Amino acid sequence: MANKLETIDVHLHYGDFHALKGITMAIPENSVTALIGPSGCGKSTYLRLFNRMNDLIPFTRITGQVLLDGEDIYQIKSSKIDALRRNVGMVFQKPNPFPKSIFENVAYGLRVNGITDNSFIENQVEKTLHQAALWDEVKDKLKKSAFELSGGQQQRLCIARALAIEPSIILMDEPASALDPLSTGKIEDLIFELKSKYTIIIVTHNMQQAGRVSDHTGFFYLGELIEFDKTKKIFTNPAKQETENYITGRFG
Amino acid sequence: MTHLDSELKMLKADIIEMWRLVINQLDKAKDALTNFDRDLAEEVVENEKRVNSYELKIDRDCENIFALFQPVATDLRLVLATMKICNNLERIGDIAASVADFVLDADTDFNKSILEHTKILEMYAIANEMIADTLEAFDKEDTRLARTMFKRDKILDKIDEAALDRVMECIQNYPEQVRNSLLVMSMIRKLERVGDQSKNIAEEIIFYFEAKVLKHKKKKQKEGDE
């Protein structure tokens with residue numbers, strides 16, 4: 001399996017704070033990679049490297065290489081950053097639908113990218129709502145406000161919104177932590193379905209979730225990548241004692 | 001289908017494949033015995049490695065499912081039952097290989113009269129049917145069929161109990177077949193174990209589908225516990 005993303009000796013500082021310490025990791029294409037670790041370990045910071053969201057935080061300094069399909073995304077022209085962010089969709093912890101209809105939430109990304117062909121937009125909205133396993137639940141109320149949906153449905157709507165502009169990578173920052181177990185199960189099943197077409201990186205505090213959904217897992221601690229391996233290996237026989245302590249709840 | 005569902009489906013497919021391989025092994029060992037086919041016996045011994053590989057793979061898959069999915073209720077019982085069924089199947093695989101080894105140890109054809117008088121062929125037929133029926137019970141969720149193992153095992157026990165006297169009679173009647181008579185005795189001892197393993201498998205099938213634990217219960221309770 002080819003590597004879609006790769007970081008080589010990446011260091012990131014927020015001012016004086018050394019948030020990522022020499023992270024080298026390769027993320028295979030069309031797979032799910034989970035990032036686990038205690039709060040403040042750097043996993044979300046690492047996730048945000050890939051769509052250059054850390055750039056938006058003042059006094060951030062990054063060294064090392066972040067490669068997407070072999071190209072260093074920190075060496076591209078500023079004018080190409082929008083294209084990068086179209087290629088790298090993101091889903092956040094709390095569902096954040098726009099104050100628009102269900103249909104317009106999904107169509108939004110297409111419209112802001114200059115697409116005006118209504119029949120294309122309608123097809124794309126239906127296709128991505130199907131992909132996000134939401135179509136059957138919303139097909140009769142596409143004109144209704146997205147806020148009328150449940151939390152779990154809103155999160156799947158946000159995933160549909162991210163998929164509509166056809167990215168190749170989806171970043172998920174604790175996508176199910178605000179949801180009930182049933183909605184969480186639906187999101188996890190969705191992640192499992194999506195990996196055949198997308199490269200997915202998921203940050204999660206829920207280790208069982210990492211086990212259920214991911215092919216590879218990286219364990220972060222104090223800004224360092226302690227261990228990265230196949231999820232089966234990490235959860236049955238991790239190489240590092242720190243990983244073992246964390247996943248068995250004996251941390252610290 | 002959820003991720004866990006697809007993992008469980010693959011696990012079931014693997015255990016069923018292992019089951020079929022073991023049934024096949026037992027069948028071939030019987031044919032090797034009745035036809036004194038040494039090539040076939042060697043094939044059975046060689047194929048034992050495949051049975052062992054299945055055991056390792058299924059054990060590893062069960063370990064992964066526990067570690068990654070924390071199954072509960074029916075899913076949990078399926079994984080637990082599969083692990084134990086796998087272990088019993090591997091032992092039946094060992095028995096098939098042992099019978100084939102005994103065939104290879106013989107220096108001449110087994111006299112048909114010995115095979116009939118000791119009732120090893122009758123025993124073999126019952127053992128083969130039992131293991132095949134455990135697979136059908138698992139596949140079709142038929143716990144009634146699984147429960148028939150407890151009575152059928154008793155028939156094997158009776159043949160086994162009478163085996164020593166019958167083998168001694170064979171030794172007296174066919175002095176040129178002493179070695180083979182003793183080999184048949186050893187095979188009978190092994191085949192009796194197939195009944196026990198089939199019974200263990202039946203208990204796991206009932207545990208999986210009905211959540212009932214029949215281990216260490218009296219035979220009448222097991223048969224009547226419907």
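Just so we're on the same page: letters track the sequence lines, and every chain starts at 1. In what follows, every heavy atom counts, from backbone to side chain, and hydrogens, waters and symmetry copies are set aside. The model shown is predicted, which means the values in this text are computed figures rather than measured ones.
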Note: B/Ala67 and A/Phe235 closest approach over all heavy atoms is CB-O, 3.4 Å

Can you tell me which portion of A/Gln209 sits under 4.5 Å from chain B's heavy atoms? Options are side chain, backbone, both or neither. neither

Starting at CG of B/Asn64, measure out to NZ of A/Lys233 and round the result to the nearest 0.5 Å. 11.5 Å

Should the heavy atoms of other residues, nucleotides or ligands under 6.0 Å from CZ of B/Phe209 be counted, would the total exceed 12? yes

If every non-hydrogen atom of A/Arg212 is compared with every non-hydrogen atom of B/His3, which pair is closest and at what distance? O-ND1, 2.6 Å

side-chain contact (heavy atoms from CB on, under 4.5 Å) with B/Leu68: which of A/Thr231, A/Ile234, A/Thr236? A/Thr231

Exceeds 12 heavy-atom contacts within 6.0 angstrom, atom NZ of B/Lys190: no

Does A/Lys144, at its NZ atom, have more than 12 non-hydrogen atoms belonging to other residues, nucleotides or ligands within less than 6.0 Å? no

